[in-house]
2 protein chains.
Amino acid sequence: MTEVTDAPNPRADFGRRLRQLRRDRGWTLSEVAERSGLAISTISKAERGVISLTYDRLSQLARGLEVDLAAFFNAEGQSFEPGSFAVARKGEFKRQETVNYVYEMLFPDMWNKAMTPMMGSLKARELVDFEDFVRHPGQEFLVVMEGVVTVFVEGRAPVRLEAGDSIYFDSAVGHLYASDGERDARILVVCAPGPGA
Amino acid sequence: MTEVTDAPNPRADFGRRLRQLRRDRGWTLSEVAERSGLAISTISKAERGVISLTYDRLSQLARGLEVDLAAFFNAEGQSFEPGSFAVARKGEFKRQETVNYVYEMLFPDMWNKAMTPMMGSLKARELVDFEDFVRHPGQEFLVVMEGVVTVFVEGRAPVRLEAGDSIYFDSAVGHLYASDGERDARILVVCAPGPGA
DNA sequence: CAAGGATTTTTCCAATAGGAAAAAATGTGT
DNA sequence: ACACATTTTTTCCTATTGGAAAAATCCTTG
């Protein structure tokens, strides 16, 4: 016995979205049924929130409607000694310089760490040389500690980050940081080798 | 008798992702069960691809894991799309609470990241319960953003860290953080799975 | 407005999901 | 190695889903 609830049923929303999706395409139930391999009745019920589709069917349906599964929801839219540890005191870092940045590796004498944390300084209004995108395997995480930083990711619009903001990306994609404010910026970068490292 | 199919079952992928998501948080099945309201067995089966969850359950599960539903799907295949990136704005984090800390996972809807960055707050002079050392595989990196923090590493003398200081250690060793100052402390923690993860 | 085709909703039943509890496996400390 | 606690997997059973076909609704046209 299906209750007549107009409470914000989770599936009701989904159903509406589904129907919308179908009608946007001007398709009928049977058309979608054919494309997806589901039964007409199933789709009908799903659209009205009578039933709650299983992952399998959702998956099929997505293919049938030619949308990414996510579209349905977008609702809201290591010789590191085991057991060891190390402390890095502010200011006691080992300095390194590259063309683009000045940074200090935090635990230089531990090797095979799963992560490589670095503190970096970006001089205010440093020239950004677009020829020098940095690329390397693995993933990278950056937090802005002070100042404002613009991150250039190859093929994407620049991202402006303020203190407290962070970004996570695939290091294999060309990237570049630059201070964006009047002051020097201070960043923390943590690199990790990719899954297959 | 479950067939031993290693065929690219659509749900198998999903299941793996699910398990990953749960383990990233260090949660047990029953923990997720409680948070999501689903039965333990259901989650277990879903993770192993034995069953195909319905939309309703998926929805609940997403809430329980504190991820956007879309996060389950975005990566139809791989995790952390090669070449992708994500930005976390200060204050736009997803809150999580444990017995000892309040922290916000920074990129909750990307899974299989090589690193798991979190921002945490430690209430001033919170009682430290030494019975509750935290232990999990992998390595951990902590930076103090604000305040003063004492890190207790099992079997070692407590380490006092001030803003800008950081510590890197093996997460398998019992560890515990506590704010040590008058003010609340703010920390950034990055976890990485160990070599054999 | 009646007839006929197209589309959607219902009905009925087999297939599958989901939960409670038992069983197995996996970890702890002693 | 042992018992003990914790976590995961199985088992067993009920509730729900999903499909085929029948019934109802909605066009369109004469």
Side-chain angles (χ1 to χ4, degrees), chain A residues 1-5 9-12 14-16 18-65 72, chain B residues 1-5 9-12 14-16 18-65 72 99 130-138 154-155 171-174 194 196:
Chain A
M1 195 64 49
T2 316
E3 300 300 322
V4 184
T5 337
N9 192 315
R11 22 169 128 160
F14 171 76
R16 270 187 287 280
L18 197 53
R19 179 154 288 186
Q20 189 58 49
L21 228 37
R22 175 170 64 86
R23 296 213 160 130
D24 283 351
R25 266 145 252 246
W27 292 347
T28 74
L29 284 175
S30 58
E31 211 158 342
V32 176
E34 186 164 357
R35 286 166 184 272
S36 64
L38 294 187
I40 294 180
S41 55
T42 303
I43 303 169
S44 169
K45 290 172 195 164
E47 287 187 350
R48 285 171 299 133
V50 176
I51 64 174
S52 166
L53 294 179
T54 58
Y55 180 85
D56 289 357
R57 311 301 153 189
L58 282 172
S59 189
Q60 286 186 57
L61 200 46
R63 276 204 304 283
L65 287 168
F72 285 156
Chain B
M1 194 63 48
T2 316
E3 297 302 322
V4 184
T5 334
N9 193 313
R11 17 169 129 161
F14 172 77
R16 269 187 288 280
L18 197 54
R19 178 155 289 185
Q20 186 61 47
L21 226 39
R22 174 170 66 84
R23 297 216 160 129
D24 280 352
R25 290 165 175 64
W27 292 347
T28 70
L29 284 175
S30 59
E31 212 158 339
V32 175
E34 185 163 359
R35 285 166 184 272
S36 64
L38 295 186
I40 294 180
S41 54
T42 303
I43 303 168
S44 170
K45 290 172 194 165
E47 288 187 350
R48 283 171 299 134
V50 175
I51 63 173
S52 166
L53 293 179
T54 58
Y55 180 86
D56 287 359
R57 311 299 155 185
L58 282 173
S59 186
Q60 287 187 57
L61 201 47
R63 274 204 304 285
L65 287 169
F72 283 155
V99 203
F130 281 98
E131 303 307 310
D132 277 47
F133 268 126
V134 177
R135 260 174 283 262
H136 50 94
E154 198 168 26
S171 310
V173 178

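- For A:R35, the salt bridge (Lys or Arg N to Asp or Glu O under 4.0 Å) partners are A:E66, not counting sequence neighbours.
- Among residues two or more places apart in sequence or in another chain, the side-chain hydrogen bond (donor to acceptor under 3.5 Å, both in side chains) test is passed with B:R19 by B:E47.
- With a cutoff of under 4.0 Å to any heavy atom of chain A, the contacted region of DNA chain C is bounded 5' to 3' by C:dT7 to C:dA17.
- In this structure, the side chain to side chain contact (heavy atoms under 4.5 Å, CB included) partners of B:I40, at least two apart in sequence or on a different chain, are B:L29, B:S30, B:A33.
- Between its opening and closing five pairs, the helix from C:dC1-D:dG30 to C:dT30-D:dA1 changes axis direction by 40°, a value rounded to 10 degrees.
- Residue-level contact check: B:T54 touches the backbone only, with heavy atoms under 4.0 Å from sugar-phosphate atoms and none from bases.
- The distance from atom CG of B:L38 to atom P of D:dT8 is 15 Å, rounded to the nearest whole Å.
- The side-chain hydrogen bond (donor to acceptor under 3.5 Å, both in side chains) test applied to A:E31 returns no partner, not counting sequence neighbours.
- Here B:L53 lies in heavy-atom contact (under 4.0 Å) with sugar-phosphate atoms only.
- Side-chain contact between A:F14 and A:L58 is present, with heavy atoms from C-beta onward closer than 4.5 Å.
- For the atom pair B:S36 OG and B:R22 CZ, the distance stands at 11.0 Å (nearest 0.5 Å).
- Residues meeting the side-chain hydrogen bond (donor to acceptor under 3.5 Å, both in side chains) test with B:R48, sequence neighbours left out: B:S44.
- Each of B:R22 and B:K45 lies near DNA chain D, and the nucleotide nearest B:R22 is the one positioned closer to the 5' end.
- Nucleotide D:dT16 holds its P atom 18 Å from the OH atom of B:Y55, rounded to whole Å.
- A:T42 pairs by the side chain to side chain contact (heavy atoms under 4.5 Å, CB included) definition with A:A39, A:I51, A:L53, not counting sequence neighbours.
- Separating the CG atom in A:L65 from the CD1 atom in A:I43 is a distance of 7.5 Å, to the nearest 0.5 Å.
- One interatomic measurement links the two molecules: CG of A:D56 to C1' of D:dT17, which rounds to 12 Å at whole-angstrom precision.
- Under 3.5 Å, the side chain of A:S41 and the base of D:dG19 form at least one donor-acceptor pair of N or O atoms.
- Atom CD1 in A:I43 sits roughly 11 Å away from atom C1' in D:dG19 (whole-Å rounding).
- Within 4.0 Å of B:R57, counting heavy atoms only, lie sugar-phosphate atoms of the nucleic acid but no base atom.
- Of the residues in residues 25-35 of chain A, those with a non-hydrogen atom less than 4.0 angstrom from any atom of DNA chain C are A:T28, A:L29.
- Minimum heavy-atom separation, A:Y55 to B:S52: N-OG, 3.0 Å.
- When the P atom of D:dT14 is taken as reference, atom CD1 of B:I51 falls 18 Å away, rounded to whole Å.
- Closest non-hydrogen pair, A:L38 versus A:Q60, comes out as CD2-OE1, 3.6 Å.
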